[in-house]
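Report on the structure given below.
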There are 2 protein chains.
Amino acid sequence: MKSKITLKDIAKELDVSTSTVSKALNDSHEISKETKERIKAYAKYYNYKPNTLALKLRSQKTSVIGVIIPEIVHHFFSTVLRGIEEFANSKGYNVMVCLSNGSLEKEQLSMDLLLEGSVDGILASVTHQTQQKKDYSHIQQLVDDKFPIVLFDNVVDDVRCDTLTINDEGGAFKATEYLIEKGCRRVALLAIPDFVKIGSLRKKGYLKALNKHAIEPDDDLIVVVEPNDNIHQKISTLFEDSNNYPDGIIASNGEIYASTAMQIAKDKGLSIPEDLSIITFTDSLISQYSSPPMTALVQHGFEMGKQAVELLINRIENTTSEVEYQRKVLSTNLKIRKSTR
Amino acid sequence: MKSKITLKDIAKELDVSTSTVSKALNDSHEISKETKERIKAYAKYYNYKPNTLALKLRSQKTSVIGVIIPEIVHHFFSTVLRGIEEFANSKGYNVMVCLSNGSLEKEQLSMDLLLEGSVDGILASVTHQTQQKKDYSHIQQLVDDKFPIVLFDNVVDDVRCDTLTINDEGGAFKATEYLIEKGCRRVALLAIPDFVKIGSLRKKGYLKALNKHAIEPDDDLIVVVEPNDNIHQKISTLFEDSNNYPDGIIASNGEIYASTAMQIAKDKGLSIPEDLSIITFTDSLISQYSSPPMTALVQHGFEMGKQAVELLINRIENTTSEVEYQRKVLSTNLKIRKSTR
DNA sequence: AGTTACTACGAAAATGTTTTCGTAATTTTG
DNA sequence: CAAAATTACGAAAACATTTTCGTAGTAACT
């Protein structure tokens with residue numbers, strides 16, 4: 001790589017001091033108009049660019065935000081990342097991504113790496129494994145050090161820090177109630193294990209809606225899909241008794257499950273939405289392009305990314321005032337398509 | 001944020017010089033065993049972590065790779081990014097992402113930003129707009145400066161630098177030939193505009209296969225979908241004459257187009273794959289979860305990310321030997337599903 | 001005993017900036 | 001005309017580290 005020209009080079013060449021050059025390029029009033037012009041012209045001609053590393057060391061500020069997410073090949077997370085990138089950029093920050101790939105260990109490693117001074121703050125969505133093992137020491141440590149951090153989507157309550165979540169309970173409630181109001185009486189839930197916080201919240205919302213409408217919950221209608229399960233087989237249990245099929249399904253664990261359920265139902269000869277209504281939590285291309293297209297709870301990933309950055313930059317730039325941590329909640333929309341009556 | 005302990009702090013406290021501390025912590029033979037132990041114990045107790053910024057300034061190395069991609073909410077690109085992240089990490093690099101969002105301007109901005117010393121090298125896939133306007137000055141400038149850069153997927157031939165691409169022509173050829181061998185005689189192509197390099201290459205492969213099997217290309221069977229077109233309407237032109245429907249479709253522009261075509265065909269009463277076979281270029285969830293699941297040319301995104309990083313790190317770390325630039329090509333696989341006979 | 005070699009450390013330079021402070025020269029003010 | 005203020009710049013510190021070189025003291029060799 002071609003080596004770059006530095007302040008010192010310019011100073012030597014123009015026979016002034018480096019401080020003069022620095023001030024001139026920063027338009028300081030201390031420098032005479034003529035000298036400024038001379039220096040600026042020279043700098044421009046030789047395409048001088050200040051060394052970012054030196055600036056960062058000097059200012060003790062990296063202008064980089066670290067993002068730790070479980071996956072990237074994932075519609076929701078990539079949408080959030082898009083929001084993060086766009087908003088961070090507009091505020092003069094760059095984005096560094098670390099993927100934990102669902103492993104607590106990699107999550108910890110990434111945090112270590114990032115907080116070794118490479119970033120000014122961290123945005124993280126913790127993995128399921130972290131929630132399962134309840135090991136938050138790596139996060140707690142950051143908070144204790146007053147290192148700026150914002151958790152989003154998959155958050156942990158036990159750590160006192162800024163968080164930003166989807167209204168999971170409200171969304172599940174809304175979806176369930178919608179199906180009930182459309183006449184469904186046997187609404188099934190494809191559930192995420194309870195140890196995952198969003199899983200238990202969605203289940204809570206589902207049960208609340210049943211309760212409000214005086215429908216007795218039926219354990220057979222709640223199918224918890226664990227990480228290593230055979231999805232098809234597990235969901236098929238809902239369709240074992242042909243006299244007792246569900247007439248509605250909330251796929252709290254996403255489109256793949258919704259899509260699989262739809263396929264199974266079709267194979268059983270059911271029509272959608274006439275015999276069975278399906279709502280999926282999370283809305284991406286599958287739900288839009290399946291046949292019929294699926295009614296979905298849309299989570300505003302872009303907005304979530306944007307607001308997460310907003311919270312974080314606030315933390316980073318207002319270190320003086322000890323603001324109490326915030327817990328923001330984003331609402332979801334029910335996007336009606338053709339998989340519901 | 002809690003301020004960190006530095007070498008100088010340790011030195012002062014233990015009444016030695018900073019150089020001694022530095023050497024001790026780096027296990028230099030110059031320091032006596034006792035002194036080393038004293039210093040290490042102190043450093044460990046106070047959780048000393050070297051300041052990354054200082055290290056970077058000193059070594060003139062950021063250990064960061066910049067990635068510029070047009071989109072992130074995109075199965076292929078996010079898969080590539082995943083490969084990049086994983087492999088870069090294993091080599092001690094972090095990844096900074098910049099999204100050009102399809103805009104040449106943002107692409108240029110990102111490059112400026114990154115090359116101002118924030119990263120050791122750049123991995124980029126140029127936007128369609130860049131290809132359309134044929135404005136490669138920002139890339140050429142990097143190459144002229146011998147700044148390490150590798151282009152992948154959407155590359156430009158006019159710039160002499162390392163590139164990594166999918167075998168677009170070969171893939172399209174393979175897909176087209178497969179349909180022909182299965183008995184299709186009117187194979188349509190949903191095409192990307194020619195100014196996009198991968199678009200013209202795929203078309204070339206398509207035509208080559210027709211030619212090999214002595215089938216006269218039919219302009220009516222080639223539908224070029226431009227950025228602002230109504231996709232549904234455009235694809236429908238293939239089904240205007242019921243006596244002359246296509247019996248095969250290659251969706252060179254991806255699954256959304258393939259899926260739309262499939263929907264239109266079904267609406268016209270065609271059965272898939274009996275009346276019409278469809279192959280999509282790019283394989284993600286839509287093709288897997290559509291009904292029927294689609295036969296697809298799978299592009300090995302993860303592998304592409306990995307190899308791109310490999311090329312780049314090679315450039316970064318072997319600055320001495322002036323290696324001629326490399327052009328690598330990755331092959332594609334035809335994943336047979338149910339949308340082809 | 002005199003030279004050489006080795007041990008264990010410190011001073012200082014170097015990475016490239018910005019910023020504080022000092023000051024000579026000039027200009028303004030009373 | 002003396003005092004005060006302003007202008008225009010330079011020296012040096014600071015950010016946190018590594019590394020080169022110098023050296024005092026001791027040990028080893030001839």
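Convention: sequence-line order gives letters A, B, ...; per-chain numbering from 1.
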- Classify every nucleotide of nucleotides 9-17 of chain D by which part a protein heavy atom approaches to under 4.0 Å, writing B for the base, S for the sugar-phosphate alone and - for neither, in 5'-to-3' order. BBBB-BBBB
- Task: Describe, in one word, how the ring planes of A/H74 and A/F77 are oriented to each other, choosing from parallel (under 30°), tilted (30 to 60°) and perpendicular (over 60°).
- Result: tilted
- Spacing between B/D27 atom CG and C/dA8 atom P, to the nearest angstrom: 14 Å
- Query: Among side-chain atoms of A/T20 and A/S17, is any donor-acceptor pair under 3.5 angstrom?
  - Reply: yes
- Message: Is a donor from one side chain sitting under 3.5 angstrom from an acceptor on the other, for A/Q131 and A/K197?
- Response: no
- Message: Contact between A/L81 and A/I72 at the side-chain level, heavy atoms closer than 4.5 Å - yes or no?
- Response: yes
- Residues B/K106, A/E85: salt bridge by 4.0 Å N-O rule: yes
- Mind calculating the distance between NE2 (B/H29) and C1' (D/dT20) to the nearest angstrom? 12 Å
